[in-house]
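Inspection log for the structure reproduced underneath, given as C-alpha cells.
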Amino acid sequence: MIPFLDMKSVYAELKTELDAAYARVMESGWYVLGKEVEAFEGEYAAFCGTQHCVSVGNGLEALELVLRAWNVGPGDEVIVPSNTYIATWLAVTAVGATVVPVEPTANGPNLDPERLATAITPRTKAIMPVHLYGEPADMDAIMALANKHGLKVIEDVAQAQGSKVRGRRAGSLGQAGAHSFFPTKNIGAFGDGGAVTTDDGAVADRMRALRNYGSRVKYVNIERGFNSRLDEMQAAFLRVKLKHLDRWNEQRRTVAARYDDRLAGIPGLVLPRVPQWAEPVWHLYVVQTPRRAELMKALDAAGIGALIHYPIPPHLQEAYGDLGFPKGSFPLAERLAETVLSLPMGPHLKPDAIDKVAEVVRRALETN
Ligand SMILES: *Cc1c(COP(=O)(O)O)cnc(C)c1O
C-alpha cells in the first residue's frame, strides 16, 4: 500500500520536538494570542521575507480578511483563476465582491497573464493569483500589469509555502500573501491555521484588530471584527515544523525529479512542466491523461492512493450556479478537471514507492 500522503511520518520524525512544544504550551496556562503566536509570526515573516505576518484561523479567512482590510466589497471586481480550489473564490464572494475568472496558461495550472490583461476593467480592485500545486504563478508579469493599472495583488500561497520566483519567496511578491496551515499543506498544523504576510504595516495592524473582534485594546472595539486566530498550540507546532520546511520541500523536489525520470515517454501522459524562473515546492505532482478513469482503477487495484485536484471547477459548482457560467465558459479549467490526476507526493515518499507508482502507471497506459 502506498498512501496518497503519509501524514504519520511527520510525527514520527519530530516526536521529541513536538511533544516538548505540547508540554510547553500546556504548562504555560495561556492558549490564545500569546508568546508562541508572536514568535511564530516573527519567524514566518522572516522565512517569507516580509516585514509582517499576522496569523489567523485558516487559509480561507486569511484571504478574506485581507480583502476586508483593503475595503474590497460590493461593486468591486477581483480577478481569480478559473482553475483553483473553491476557497479562492469563496473569499471574494464572502466580502460581497464579484469574481472575474481568468483561464490558466496553455501548459500550466496557473493564471495566464495575457488573458489577465484583457479581464481588467475600471471596477477591478485586486488580483488573486494562486500558486497551484506548489508552482508559483508568473508573478513578474502579474505585478507589472497590477502596477500599471494601480491594482492590489494578494497571493494565495496555500499550496506553495517556501516556493520562489527568481529567488524571492511566494507570499512576499504581491502586496499580501495568504497562507493555509491545514494539516496536508507543505507546512501544516495539527488542526486548522492560516496567516497573512505583508510589508504593509497599516494592513497588518488592521488585520490584527479584524482577527480579534475588531479590538486592539481589550473590550474596546474600533470596528466590527471577527474571531479568526491561530492558537498557541498550533503556533508552537508550526514553529517546530518551520525549521524543517526547506528540507522537506527539497525532498519533494527529489521525488518530483524521480517521477519525471520514471514516467518519461509514456504515451498519452502529460507530465508537469515548470517554467525556468520558478522554484516549485511540489505540494502535488499532477499528471494529465485522457485515460484517467482506467489509470485510477489500475492505481487503486495496486493499493496506490491517487486524487483529483479538482474534479469540478468553481464555476460549475452548485454553490456558484447563480453566477451564470454554463459549461464551456472556461474550457481550459474544464479540461484540466477532466484529465488531471495527483500521484502520491510528500517528503517521506521512498524511491522504491515512486518506482512502483511509475511502473503501475506505465503498465496501465502502455496496454490498450
Ligand atoms: C487549502 C487551500 C485554501 C484554504 O485553506 P484552509 O486553511 O483550508 O481554509 C485556499 N486556497 C487554496 C489554493 C488551497 O489549497
Side-chain angles (χ1 to χ4, degrees), residues 4-5 7 40 44 53-68 78-95 99 101-102 104 108-111 126-137 139 142 153-163 170-171 173-174 176-197 207 210-211 226-231 234-235 237-238 241 249 252 280-286 307-315 317 319-320 333 336-337 340 342 345-346:
F4 177 71
L5 174 65
M7 296 286 291
F40 173 70
Y44 197 65
C53 165
V54 181
S55 61
V56 294
N58 55 61
L60 172 56
E61 289 168 354
L63 290 164
E64 181 187 333
L65 291 180
V66 169
L67 295 178
R68 291 197 186 274
V78 178
I79 294 176
V80 294
S82 57
N83 183 50
T84 184
Y85 181 55
I86 195 167
T88 318
W89 287 41
L90 286 173
V92 176
T93 53
V95 303
V99 283
V102 166
N110 290 324
L111 259 190
I127 307 169
M128 198 181 264
V130 181
H131 309 307
L132 206 64
Y133 311 149
E135 174 184 327
M139 289 303 293
I142 292 168
V153 174
I154 169 172
E155 301 168 74
D156 181 338
V157 197
Q159 302 192 359
Q161 300 99 337
S163 67
L173 304 166
H179 307 249
S180 164
F181 304 122
F182 185 75
T184 60
K185 311 289 185 181
N186 287 37
I187 175 169
F190 294 86
D192 277 307
V196 171
T197 48
M207 295 259 335
L210 281 173
R211 73 174 173 187
F226 302 83
N227 177 353
S228 181
R229 302 173 299 215
L230 184 71
D231 62 70
Q234 299 305 336
F237 292 148
L238 287 165
K241 288 179 100 180
N249 283 339
R252 286 173 181 269
V281 290
W282 298 102
H283 176 59
L284 299 169
Y285 187 89
V286 179
L307 294 172
I308 298 170
H309 298 95
Y310 295 91
I312 307 171
H315 72 278
Q317 296 283 359
Y320 284 121
L336 286 169
V340 290
S342 307
M345 169 51 84

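Each ligand, and each atom within it, is numbered from 1 in the order the structure gives.
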Ligand 1 versus N58: contacting region, heavy-atom distance under 4.0 Å: both
Check: F182 N/O within less than 3.5 Å of ligand 1 N/O: no
To which protein heavy atom is atom 10 (C) of ligand 1 closest, and what is the distance rounded to 0.1 Å? A87 CB, 3.4 Å
Is there a polar contact, in the sense of an N or O pair closer than 3.5 Å, between D156 and ligand 1? yes
Partner set under salt bridge (charged side-chain N to carboxylate O under 4.0 Å, His left out) for R229, not counting sequence neighbours: none
Closest approach of any protein heavy atom to atom 14 (C) of ligand 1, naming residue and atom: K185 NZ, 3.1 Å
At what distance is the nearest protein heavy atom to atom 9 (O) of ligand 1, and which residue and atom is it? L60 N, 2.9 Å
Side-chain donor/acceptor of Q317 to backbone N/O of I312, under 3.5 Å: yes
Polar proximity ligand 1 side, Q159 side, N/O cut 3.5 Å exclusive: yes
Ligand 1 atoms in contact with A158 (distance to a heavy atom under 4.0 Å): 2 (C), 3 (C), 10 (C), 11 (N), 12 (C), 14 (C), 15 (O)
I would like to know whether F4 and H309 meet ring pair (Phe, Tyr, Trp, His ring centres under 6.0 Å); could you show each step before the answer? CA-CA 12 Å; F4 177 71; H309 298 95; 5.8 Å; yes
Counting N and O atoms only, with roles assigned by atom type, does the side chain of D156 sit under 3.5 Å from a partner on the main chain of G59, one being a donor and the other an acceptor? no
Hey, is the main chain of V281 close enough, under 3.5 Å, to the side chain of N186 for a donor-acceptor pair? yes
Report yes or no: does T84 contribute a side-chain atom to a donor-acceptor pair with the main-chain N or O of P81 at less than 3.5 Å? no
Could an N or O of ligand 1 be found under 3.5 Å from any N or O of G59, whether backbone or side chain? yes
Distance alone, cut at 3.5 Å: any donor-acceptor contact between the side chains of E61 and N58? yes
Within 4.0 Å of some non-hydrogen atom of V130, the atoms of ligand 1 are 13 (C)
